[in-house]
Amino acid sequence: MLKLTNVETFYGQIQALKGIDLEVNEGKIITLLGANGAGKSTTMKTIAGLLKPKNGSVEFNGENVTGLRPDQLLRKGISLVPEGRAILTSMTVLENLEMGAYQRNDKDVRNDIEDVMQRFPILKERQTQMAGTLSGGQQQMLAIARALLSKPKLLLLDEPSMGLAPLIVADIFKIIKEINEAGTTVLLVEQNAKQALKIADYGYVMETGKIIIEGSAQSLLEDPRVVEAYLGRK
Ligand code: ATP
């Protein structure tokens, strides 16, 4: 579904991605792991069109989409929930959800808003409240729900569990699994490597702008290098 070939992305003179090869197959959950500054967010932003790669290519469903704008990629079915959520705190929950569907012109938006509110009952309860008054976990749910309203084929989640209490983190991982089971392919960046690998099919580990390890989630859970660096000794 998604294929990155030798992708290189720069911030001015600084090369953040040094030739990334990565594939996401339809229907799967793929996780991207690595220490702070490894280039995970840069990879996500490059896929979503927020950054343009200097070299290499991004293919989506067999089409070369390298260098397209975020709105063009959104229309093709790629939706990013950025690190830090980026919800509109002084708009209501409902208005945030409506924003998620802004580029659609079909008539199902109302129904789809109802559907996501079924999945996230707390958002239905709080729909008239300002989004900024929600707890961190609720804001993350709102960010994910908003992204779902663009009807993505590929959902990019950048550190969805960041800053959340353990119980809420478990909820977020459960929701990601459910979204995937309902048919959306997921690329997940996580610090929480163990939980990410538990729900993922396949994973990549990045270090200083490169992929250094890849494999099935099960093989990564057992890989001594991954255990040592990201999972901690038992
Ligand atoms: P984190 O978990 O901290 O977000 P990351 O793996 O997502 O880490 P990136 O944010 O992609 O890492 O950063 C990759 C590299 O690019 C780092 O060396 C970082 O300092 C650099 N970088 C990121 N954003 C910018 C920017 N706006 N300008 C210059 N350099 C940047």
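Along the sequence shown, residues carry numbers from 1. This structure is a prediction, so every number in the text was calculated from the model and none was measured. Atoms within a ligand are numbered from 1 in the order they appear, just like the ligands themselves.
Within ligand 1, counting atoms from 1 as listed, the ones closer than 4.0 Å to a heavy atom of E159 are 2 (O). Per-residue contacts place E83 under 4.0 angstrom from the following atoms of ligand 1 (heavy atoms of the residue considered): 4 (O). Listed by number with element, the atoms of ligand 1 under 4.0 angstrom from any heavy atom of Q191 are 2 (O). Each of the atoms 9 (P), 11 (O), 13 (O), 14 (C) of ligand 1 lies under 4.0 Å from some heavy atom of T42.
Closest approach of T128 and T92 over heavy atoms only: O-CG2, 3.5 Å. The shortest heavy-atom contact between D158 and S41 is OD2-OG, 2.8 Å.
Annotation: atom 7 (O) of ligand 1 to nearest protein heavy atom, S41 N, 2.7 Å. At the shortest separation from atom 22 (N) of ligand 1 among protein heavy atoms lies Y11 CE1, 3.4 Å.
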Checklist line | Residue pair L88, R146: steps toward the side-chain contact (heavy atoms from CB on, under 4.5 Å) verdict | finding: CA-CA 11 Å; L88 303 158; R146 183 180 60 180; 4.1 Å; yes
Checklist line | Criterion side-chain contact (heavy atoms from CB on, under 4.5 Å) on Y204 and V189, from CA distance to verdict | finding: CA-CA 10 Å; Y204 292 87; V189 164; over 6 Å; no
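For ligand 1, the polar-atom distance check finds no N/O of A16 at less than 3.5 Å from any of the ligand's N/O atoms. Residue contacts with ligand 1: A38 is placed with a nitrogen or oxygen under 3.5 Å of a nitrogen or oxygen of the ligand (distance criterion only).
Looking at A35, G12, G37 and measuring to atom 18 (O) of ligand 1, the nearest heavy atom belongs to G37.
At least one donor-acceptor pair closer than 3.5 Å links the side chain of E190 to the backbone N or O of N192.
Under the 4.0 angstrom criterion for non-hydrogen atoms, G39 is in contact with ligand 1. In this structure, M206 does not count as a contact residue of ligand 1, since none of its heavy atoms falls inside 4.0 Å of the ligand.
One finds no salt bridge joining E26 and K153 here, because no Lys/Arg side-chain nitrogen approaches an Asp/Glu carboxylate oxygen to under 4.0 Å. In this structure, E98 pairs ionically with R110, as a charged nitrogen and a carboxylate oxygen lie closer than 4.0 Å.
Between S216 and S219, the side chains place a donor N or O and an acceptor N or O closer than 3.5 Å (distance only, hydrogens not considered). With 3.5 Å as the limit, one finds no donor-acceptor pair spanning the side chains of Q103 and S150.
Contact annotation for atom 14 (C) of ligand 1: protein present (non-hydrogen atoms, distance under 4.0 Å). Within the 4.0 angstrom cut-off, atom 11 (O) of ligand 1 has one or more protein heavy-atom neighbours.
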